[in-house]
2 protein chains.
Amino acid sequence: MKPARGSDEDSPTRTALLDAAELIMREEGYAAVSTRRLAARAETNSALYHYYFGNMDNLFVELFRRGAERSYHRQLEALASPQPLWSLWEAIHDQSHTALTMEFVALANHRKAIRTEIADSSRRFRTLQLDAVTKILADYGKPAETYTPGALVLLMSSISRFLRMEEAFAVDTAHDEAIELIESFLRAVEGERRQPRP
Amino acid sequence: MKPARGSDEDSPTRTALLDAAELIMREEGYAAVSTRRLAARAETNSALYHYYFGNMDNLFVELFRRGAERSYHRQLEALASPQPLWSLWEAIHDQSHTALTMEFVALANHRKAIRTEIADSSRRFRTLQLDAVTKILADYGKPAETYTPGALVLLMSSISRFLRMEEAFAVDTAHDEAIELIESFLRAVEGERRQPRP
DNA sequence: GTCTATACCGAGATAGAC
DNA sequence: GTCTATCTCGGTATAGAC
């Protein structure tokens, strides 16, 4: 019988293993996350990884969930701000640090447990954003003739992720034009950005 | 002294190894591409992989280059068609089959040789698209007030890739609205799509 | 060019002491 | 909970016969 502790557990060792996994993934990719590397990075031994997670899928899912939870709350806060569209845009754009995201996407292509987790998470984010943006645009009046809520949400998400991805390759041709496309719309409905980015 | 044949070589064995690599990457991810698996898939032996490629980076770079070359020509053809914007959009959207692309992006995060290759390739595509779209929009008259060429090109690329990525997770909320955003613009400048997709 | 054989290393997994 | 020890498998790489 496998122990396979649930996510409610939060021992220091368990956290150290998750932190180590995140670090290794960022630096060398998901394929480099191995029991031995984890043990070395977390300054423990490989048997504890088995004790806490049982297998890699469980560990990856936990790690993804941890990050998604943070992002979700960040976006919730953004939507409660005085300029919710600007704040949402900034939150999405900041969070599109894709090195880690792309690792999970690649992983998901071949591991069902992770695919399911990302899919559920994506739908949850989309629902949050869509409901909020629908309400915000309605409150502002009529400008739904430019972008529907769905189009706007997907536009922000797509542009952010794609630009961040290219930035990682030091490619940035015409990026400013794409950013301006979104920000000119934000200015039109919500005025100039007032708060400086924190 | 390593043999490390250049890309000019095209022996059947070499091609078989590249084909095998592509298959394994698609099905199980880049991490599953190993000398033994390659040999098994290509029905040869692992020593030949060393003979032809020397190491994995070289093989991955060759494989990426092979695919990029095909895409580049596909886009060149698209741009020569009677409705170049529609054709370009379809070419980009069709080619955003991201399973393989995402593998390369993830790989690139940690392998310099591949990062460089993708960066160069991306710039080459961007230049082609940007030059062409600039000329096309100018020829059509004035509608640069809606999208600048750079914004349009990045919009098509971002939306395509992001939507394809989500499709892989069976997430498609509001996708039709994003597609419509682009296609309504295409209809406005280039009329209804005439050719059916091949 | 192609193959077999093999050296060597690090992967995941688990048994069992403490 | 934590650790050591150890099993087995599959990875890369290379030497050398044909």
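A note on names: the letters A, B, ... follow the listed sequences, proteins ahead of strands, and every chain is numbered from 1.
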Separation of Y49(B) atom OH from dA13(D) atom C1', in whole Å? 9 Å
Measure from the side chain of H50(B), starting at C-beta and using heavy atoms only, and say which of dT12(D), dC3(C), dC3(D) lies closest. dT12(D)
Residues forming a ring-ring contact (aromatic ring centres under 6.0 Å, His included) with Y49(B), sequence neighbours excluded: none
Does dT2(D) have its OP1 or OP2 closer than 4.0 Å to a side-chain nitrogen or oxygen of T44(A)? no
OH of Y52(B) versus C1' of dT12(D): gap in Å, rounded? 20 Å
Nucleotide by nucleotide, nucleotides 4-11 of chain D touches protein heavy atoms under 4.0 Å in the pattern (B base, S sugar-phosphate only, - none) B-----SB
Return each pair, listed once, that meets ring-ring contact (aromatic ring centres under 6.0 Å, His included) where at least one residue sits in residues 108-132 of chain A; pairs must be two or more places apart or across chains. Y72(A)-F125(A)
In whole angstroms, the gap separating P of dA13(D) from CG of L59(B) amounts to 12 Å
Run the side-chain donor-acceptor check on residues 128-136 of chain B: report pairs under 3.5 Å with partners two or more places apart or on a different chain.
unit_1, atom_1, unit_2, atom_2, d
Q129(B), NE2, Q75(B), OE1, 2.9
T134(B), OG1, L130(B), O, 2.6
K135(B), NZ, D139(B), OD2, 3.1

Measure from CD on E28(A) to P on dA11(C) and round the result to the nearest Å. 11 Å
By ring-ring contact (aromatic ring centres under 6.0 Å, His included) - contacts of F169(B) (at least two apart): none
Would you call the rings of F185(B) and Y147(B) parallel, tilted or perpendicular if under 30° counts as parallel and over 60° as perpendicular? perpendicular
Could you give the CG-to-P distance, from L48(A) to dG12(C), as a whole number of Å? 15 Å
Just by distance, no angles: are the side chains of W86(B) and E183(B) close enough, under 3.5 Å, to form a donor-acceptor pair? no
Residue pairs involving residues 41-56 of chain B (criterion salt bridge (Lys or Arg N to Asp or Glu O under 4.0 Å); sequence neighbours excluded): E27(B)-R41(B)
Rounded distance (Å) that lies between atom C1' of dC3(D) and atom CD of E43(A): 15 Å
With respect to the phosphate group of dA13(C), does any side-chain polar atom (N or O) of Y51(A) fall under 4.0 Å of OP1 or OP2? no
Atom-to-atom span, CG of L17(A) to P of dG1(D) - whole angstrom: 14 Å
Any T13(B) side-chain N or O less than 4.0 Å from OP1/OP2 of dT2(C): yes
